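These figures come from a predicted structure and were not determined experimentally.
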Amino acid sequence: MRLDKFLKVSRLIKRRTVANEACDAGRVLVNDKTAKASANIKPGDIIEIQFGSRQTKVEVLEVKETVKKEDAENMFRYL
């Protein structure tokens with residue numbers, strides 16, 4: 001699954017366009033490397049997102065195309 005779509009489906013970022021902009025600005029890292037929005041995400045990957053001065057680090061647990069809001073947190077685990 002594409003990185004921008006995963007960020008949106010997992011509810012880490014609310015909109016896919018915002019996820020695209022964050023990737024283009026270099027604020028998203030996958031496995032300690034700057035990632036493009038089109039990067040492929042698989043279980044076990046570590047994603048770091050920088051929101052201003054705050055940083056969020058998560059591990060991908062599963063990848064699904066669609067998820068209910070209450071099940072979105074099961075797709076990742078905070079580190």
Over all atoms of both residues, closest heavy-atom pair of Val63 and Met75 | CA-CE, 4.3 Å

State the CG-CZ distance between Leu12 and Phe76, to the nearest 0.5 angstrom.
-> 4.0 Å

Considering all heavy atoms of both residues, which atom of Arg16 and which atom of Lys8 are nearest to each other, and what is their separation?
-> N-CG, 3.9 Å

Salt bridge between Asp71 and Lys68, side-chain N to carboxylate O under 4.0 Å?
-> no

Do you know which two heavy atoms are closest between Met1 and Asn40, and how far apart they sit?
-> N-OD1, 2.9 Å

Can you check whether Asp45 reaches Glu59 side chain to side chain, under 4.5 Å on heavy atoms?
-> no

Would Val9 and Val60 show up in the same hydrophobic cluster when neighbours are defined by side-chain heavy atoms closer than 4.5 Å?
-> yes

Interatomic distance, CG@Asn20 vs CG@Asp24, rounded to 0.5 Å, equals 6.0 Å

Residues Glu73 and Arg11 bridged, charged N to O under 4.0 Å = no

Begin from the C-alpha positions of Ser38 and Arg2 and carry the test side-chain contact (heavy atoms from CB on, under 4.5 Å) through to its verdict.
-> CA-CA 5 Å; Ser38 61; Arg2 287 173 54 106; 3.5 Å; yes

Can Val30 and Glu48 be said to form a side-chain contact (heavy atoms from CB on, under 4.5 Å), step by step?
-> CA-CA 6 Å; Val30 175; Glu48 278 184 67; over 6 Å; no

Under the criterion side-chain contact (heavy atoms from CB on, under 4.5 Å), which of Ile46, Ile49, Ile47, Leu79 is the partner of Val58?
-> Ile47

Determine the minimum heavy-atom distance between Ala37 and Cys23, stating which atoms define it.
-> N-CB, 3.6 Å

In terms of heavy-atom contacts, Ile13 and Ala19 come closest through CG2-N, 3.8 Å

Got more than 12 heavy atoms from elsewhere within 6.0 Å of CZ, Arg15?
-> no

Take Ile41 and Phe6 through the side-chain contact (heavy atoms from CB on, under 4.5 Å) test and state the conclusion after the steps.
-> CA-CA 8 Å; Ile41 297 299; Phe6 177 83; 4.3 Å; yes

Nearest heavy-atom pair of Ala72 and Ser10: which atoms, and what distance?
-> CB-O, 3.7 Å

Any chance you could measure Arg27, atom CZ, to Phe51, atom CZ, to the nearest 0.5 Å?
-> 8.0 Å

